[in-house]
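Residue numbers start from 1 in every chain, and the chains themselves are labelled A, B, ... in the order their sequence lines are given, proteins ahead of strands.
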Amino acid sequence: MLDTKYDHKKVEEGKYNYWLKKGYFEAKNDDREKFSMVLPPPNVTNKLHLGHAWNVTIQDILSRYKRMDGFDVLWIPGTDHAAIATEAKVVAKLKEEGINKYELGRDGFLKEAWEWKDKYAQNIRSQWAKMGISLDYTRERFTLDEVSTKAVNYAFIKMYNDGLIYKGEKIINWDPEARTALSNEEVIYKDIEGAFYHLKYFIEGTNDYLDVATTRPETLFGDTAVAVNPKDERYNKLIGKNVILPIVNRLIPIIGDMHADMEKGTGVVKITPAHDPNDFEVGNRHNLDRIIIMDETAHMNENALMLKGLDRFTAREKLVELLKEKDLLINIEKITHSVGHSERTGVMVEPYISKQWFVKMEPLAKGVLDNQKTKNKIHFVPKRFEKILNNWMSDCHDWCISRQLWWGIRIPAWYKDDEIKVQETSPGDGWVQDNDVLDTWFSSALWPFSTLGWPDNTDLYKKYYPTDVLVTAYDIIFFWIARMAFQGLEFTGKAPFKTCLSHGLIRDKDGRKMSKSLGNGIDPIDMIDKYGCDALRFFLTTNTALGQDLRFDEEKVKSTWNFINKIWNASRFVLMNTENIKEFDFSNLTFSDKWILTKLNITIKDTRKYMDKYEFNNVGSILYSFIWDDFCDAYIEYSKFNMDNISTKSTLLYVLTNILKLLHPFMPFVTEEIYSKLSIKEEESIMISTYPKENKDNNYIDTLSLMDEIRNFITKSRTIKKDNNIKKDDKYDFICNNEDASNLIKNILKLTIENKIEDTNSYNELVIESKTDILECKLTYYYKISKEDEENKLNEIKKEIEKLENSIQRRKKLLSNAGYIKNAPSNLVEEEKTKLKNEETNLNLLKEKLN
RNA sequence: GGAUUCUUAGCUCAGUUGGUUAGAGCACCUGCCUUACAAGCAGGGGGUCACAGGUUCGAGUCCUGUAGAGUCCACCA
């Protein structure tokens, strides 16, 4: 028997380990149809936040649903080594201990990093366990493990040989803190206070100067030209002349280039090809020198002359002083502009020329775009997210994949003198391996198949690839989804997943993004402690339409807990009354039994429909109202009058069993707890029981509309009784043309024999009447009434008449509309006619009362 | 500049290929400790669906425009 109150801590304890030990989470690789997913691997150093909780719950709901529904489910867990993110954290930790990364050396550092990784991976696993998610740990992977490394090397080498990877010199985003290149996606633009420094670039041989505005004056040491727009009448006659570079006193040419925007700034722009991506392009067009003026830590080098050795910000201050001294500074104009920052270290990114490895994007992107036009396309849910992918794919730059880090998969390229060989192992003596590692996304791009043992043609790969669904928040579509898409197509010829399901982001109660800096983050583990994992899961997945952001509201988690408590108590009632039922017996069903069984069928059908469409919010409200409104508030109350009927008891138990199963993907723990107490159960665990199917044998469609009429009649009676202050022992008379309805109404409204009246003289009457094709009922209360009450009563009747008349008028108008009759579906028209007829009958009844 | 989401009850949100009297939770009001549940039960109030047009027999839903809020991408000398 269940405790009197739902205690989530007690319920959740021990169950996860039980499932794990039983091997329920493991894919069996048998001949059943498969359903496979890979878990988006969290960064190994992360603590899981509410967004992860949401993400994994959606996946777990799918796994549990599919598993119960007869699929061989493979759900692969794993973690991402997160190259720069982890390295930055390990560096910071070492720094606290007074250890410098570079002094420690590559091998020593990696040892530290692996220890760090092992510790954090364990944290993540325990958080997954708290969430109750059914991962197949026997297939767990890490993006830096042997299997993944093998796949990455294979992919790199093949792409190099196919000309899809090349080494080239370009301007990249440089992180001077981590001393590495970054991809465009690792740069976060932030608005900061800055300034336009207006400098005097004197024209050679004159006393005239050009006003050149720049936000990074210290880069002037690397200037090799000044550009104006060739169409700009103010300056175009100067093209071909030289200007004197301030401080440096080097002559540089004035060139004409469309890059100079006449509308912007002063219309004159300094060109620093080694330190700006646009200038780099201009430099290529005009064959300009590239002068690098900083080192890898963003300190000025010898090209910065007297500023050598200063870091970039000090150098700027110093330079401004020098310019002022020499009267070369016109003014400083304060502006707010957006400047790139490293996503991981937070420092300002320095555009920097550097030799890096790149993935040639154009052919790969085309592959994805072409595939999206075929029937093998990736289906996005919601559909609109496909556009994000397509947009990104049709406008993407080559992908910088080399990182000057140690924590990652080392690039399989070997050098000897001027020779380069790309292969997995050293070609021999004297060959030195590339020092750089690969962008972490290069390995995660292969995740859906590298986890399955690709490039070997393993059994896992053969059966489970491509995967069925990939679930992520929409903000990661271009970081990851896009990259998996083109790598999947490139290497396996197939999109790596059939469906991409995107949920939104979690916001706080005021709609702000949850972030560390705002301090408004909520730890899912705290919520689990307070309300239980089941409440958190149900709240997360049923409170918003897919793809929409979710506002976190603790009150709602609380009310979800109440819902679970309601289920708990209903279950207590059922268990109390069905302890000795060992076999279902439906031979003697009452009217309300038939009704709830039919309702259950509808609920199962609708639930399946919305589960298959991933519309969990709809599943949530269907189950909520079926359980609370139909099962608890109505059926359980009705069943109390038939407790000597074995079929009613069977129905109670049967419906509860199905409710538990329908809820199980959402609330694995509490459903398992209650299921374990049922007197009839098909399996030892609800996890391996079968997902409900409609039961055609117990389907009684005609009970539905009659029950609706009965429930309406009951509500109407209660309202009127309350409004008129009818007492428990007031006399009544009741007639009804349907026996089932009559019994139910009498029981629920407590119309006892004792109060039935014979002699109606000297009483006032209060009549509640229903007269439709389905049900004709009349309940009359006899009571002493004051004059005032009498008037109130009349007024109410008048109000009701007015309401009915309006409604009748509206319906008549509608039904006299030829367009409606012609175009609307005929069942709707019929329904309107029936309603009209019923309303007219009721109107007449009321009018009679007035007379 | 491009893309995209949102605006529905006091609050947070649903609302299916358009179907005619728009739903839920919380909050609010009234009455109940009725034997599963007072974290509950029974009943009730509350919305010209941001605004303006259009298409249609019919618009919260489709189209155009306006206003406001959010997000992403690009640019940012």
Side-chain angles (χ1 to χ4, degrees), chain A residues 2 4-6 184-185 189 191 194 196 212-216 219 226-227 259-261 264-272 276 278-279 282 335 337-340 382 384-385 387-388 390-392 395-396 474-475 477-478 504-505 507 509 511-513 542-545 547-553 555-556 558-577 609-610 613 615 617-618 620-621 624-625 632-633 636-637 640 714-715 718-723 725 750 803 806-807 810-811 813-814 817-825 827-829 831-832 835:
Chain A
L2 297 176
T4 47
K5 228 168 220 179
Y6 165 56
N184 294 341
E185 288 70 34
Y189 282 85
D191 277 343
F196 262 136
V212 178
T214 175
T215 52
R216 294 191 295 156
T219 60
V226 161
H259 166 61
D261 186 338
K264 218 166 186 174
T266 57
V268 187
V269 55
K270 66 199 250 339
I271 302 298
T272 322
D276 182 279
N278 289 312
D279 295 3
V282 176
I335 53 157
H337 61 152
S338 81
V339 177
R384 65 186 133 92
F385 289 119
K387 286 186 197 158
I388 296 187
N390 289 345
N391 271 348
W392 197 73
D395 179 32
C396 56
Y474 60 71
D475 62 341
I477 290 176
F478 26 76
L505 307 174
R507 299 176 174 280
K509 210 169 177 303
R512 298 173 307 175
K513 235 173 168 173
T542 62
N543 261 281
T544 188
Q548 250 10 82
D549 288 352
L550 173 66
R551 255 182 229 225
F552 188 83
D553 184 351
E555 282 301 309
K556 286 198 177 183
K558 209 167 159 185
S559 77
T560 307
W561 189 97
N562 288 354
F563 175 46
I564 300 176
N565 190 47
K566 184 76 183 175
I567 296 163
W568 183 265
N569 277 300
S571 304
R572 281 188 68 219
F573 175 82
V574 175
L575 292 174
M576 275 172 165
N577 288 291
K609 179 172 118 195
Y610 289 117
K613 291 168 80 175
E615 291 176 16
N617 59 323
N618 287 332
S621 47
Y624 190 97
S625 69
C632 295
D633 288 349
I636 286 187
E637 293 308 318
K640 288 177 180 171
I714 290 170
T715 302
R718 282 170 167 162
T719 312
I720 291 173
K721 266 175 81 176
K722 197 181 172 197
D723 289 350
N725 206 14
K750 301 195 169 67
K803 235 162 110 185
N806 284 337
S807 181
R810 195 187 59 80
R811 266 187 238 283
K813 200 175 148 200
L814 185 62
N817 182 333
Y820 177 73
I821 302 289
K822 203 176 125 206
N823 296 312
N827 59 322
L828 274 177
V829 178
E831 222 171 279
E832 280 300 320
K835 280 181 185 164

Look for any protein N or O under 3.5 Å of an N or O in nucleotides 55-57 of chain B and output each such pair with its distance, or none.
unit_1 : atom_1 : unit_2   : atom_2 : d
B/C57  : O2'    : A/Asn817 : ND2    : 2.5

Separation of the [atom1] atoms in [N] and [M], to the nearest angstrom:
{"N": "B/A59", "M": "B/G53", "atom1": "P", "result": "14 Å"}
{"N": "B/U34", "M": "B/U17", "atom1": "C1'", "result": "46 Å"}
{"N": "B/A22", "M": "B/A9", "atom1": "P", "result": "14 Å"}
{"N": "B/G70", "M": "B/G45", "atom1": "P", "result": "37 Å"}
{"N": "B/A27", "M": "B/A39", "atom1": "P", "result": "12 Å"}
{"N": "B/C26", "M": "B/A38", "atom1": "P", "result": "16 Å"}
{"N": "B/G23", "M": "B/U61", "atom1": "C1'", "result": "15 Å"}
{"N": "B/G19", "M": "B/G60", "atom1": "P", "result": "10 Å"}

Closest to the A/Phe478 side chain, choosing from B/A77, B/C73, B/G40: B/C73
Just to be sure I understand the rule, does A/Tyr189 reach a base, reach only the sugar-phosphate, or reach nothing, if contact means heavy atoms closer than 4.0 Å? base
Note, [X] side chain near [Y] side chain (heavy atom, < 4.5 Å):
{"X": "A/Glu832", "Y": "A/Leu828", "answer": "no"}
{"X": "A/Ile335", "Y": "A/Thr215", "answer": "yes"}
{"X": "A/Arg507", "Y": "A/Lys513", "answer": "yes"}
{"X": "A/Asp276", "Y": "A/Thr219", "answer": "no"}
{"X": "A/Ile821", "Y": "A/Val829", "answer": "yes"}
{"X": "A/Ile636", "Y": "A/Phe573", "answer": "yes"}
{"X": "A/Met576", "Y": "A/Leu2", "answer": "no"}

[X] [atom1] - [N] [atom2] separation (whole Å):
{"X": "A/Arg512", "N": "B/A69", "atom1": "CZ", "atom2": "C1'", "value": "16 Å"}
{"X": "A/Arg507", "N": "B/U5", "atom1": "CZ", "atom2": "P", "value": "15 Å"}
{"X": "A/Trp568", "N": "B/G40", "atom1": "CH2", "atom2": "P", "value": "17 Å"}
{"X": "A/Ile477", "N": "B/C72", "atom1": "CD1", "atom2": "C1'", "value": "10 Å"}
{"X": "A/Asp261", "N": "B/G1", "atom1": "CG", "atom2": "C1'", "value": "13 Å"}
{"X": "A/Ile564", "N": "B/G40", "atom1": "CD1", "atom2": "P", "value": "13 Å"}
{"X": "A/Asp276", "N": "B/C75", "atom1": "CG", "atom2": "P", "value": "11 Å"}
{"X": "A/Asn725", "N": "B/G43", "atom1": "CG", "atom2": "P", "value": "17 Å"}

Nucleic acid footprint by protein, nucleotides 11-18 of chain B - heavy-atom cut-off 4.0 Å, B for base, S for sugar-phosphate alone: -BSS-B--
If a protein heavy atom is under 4.0 Å from the base, mark B; if only from the sugar-phosphate, S; if neither, -; do that for nucleotides 29-38 of chain B going 5' to 3'. -BS----BB-
Spell out, as yes or no, whether a donor-acceptor pair under 3.5 Å connects the side chain of A/Ser807 to the backbone of A/Lys803. no
Nearest 0.5 Å please: distance from the [atom1] atom of [X] over to the [atom2] atom of [Y].
{"X": "A/Leu575", "Y": "A/Trp568", "atom1": "CG", "atom2": "CH2", "answer": "9.0 Å"}
{"X": "A/Leu814", "Y": "A/Lys835", "atom1": "CG", "atom2": "NZ", "answer": "10.5 Å"}
{"X": "A/Asn543", "Y": "A/Arg551", "atom1": "CG", "atom2": "CZ", "answer": "13.0 Å"}

Base B/C26 to side chain A/Ser559, donor-acceptor N/O within 3.5 Å cut-off: no
Mark yes or no: A/Lys566 above the aromatic ring of A/Tyr624, with NZ or CZ under 6.0 Å from the six-membered ring centre and no more than 45 degrees from the axis. no
Ignoring backbone atoms, test whether A/Thr272 places a side-chain nitrogen or oxygen under 4.0 Å from the OP1 or OP2 oxygen of B/A77. no
Contact nearer the 5' end of RNA chain B, comparing A/Lys513 with A/Lys387: A/Lys387
Given RNA chain B, 5'-ward residue of the pair A/Arg718 and A/Glu832, judged by closest heavy atom: A/Glu832
Dot-bracket for RNA chain B, 5' to 3', Watson-Crick and G-U pairs with both distances under 3.5 Å, [ ] for crossing pairs, | for partner on another strand, reads (((((((..((((.....[...)))).(((((.......))))).....(((((..]....))))))))))))....
Can you name the residues that form a side-chain hydrogen bond (donor to acceptor under 3.5 Å, both in side chains) with A/Asn184, not counting sequence neighbours? A/Asn173
Looking only at heavy atoms, which two atoms of A/Leu505 and A/Asp549 are closest? And how far apart? N-OD1, 2.8 Å
Looking at residues at least two apart in the chain, or sitting in another chain, which of them share a salt bridge (Lys or Arg N to Asp or Glu O under 4.0 Å) with A/Asp553? none
Return the orientation label for the A/Tyr6 and A/Trp561 ring planes: parallel under 30°, perpendicular over 60°, tilted otherwise. tilted
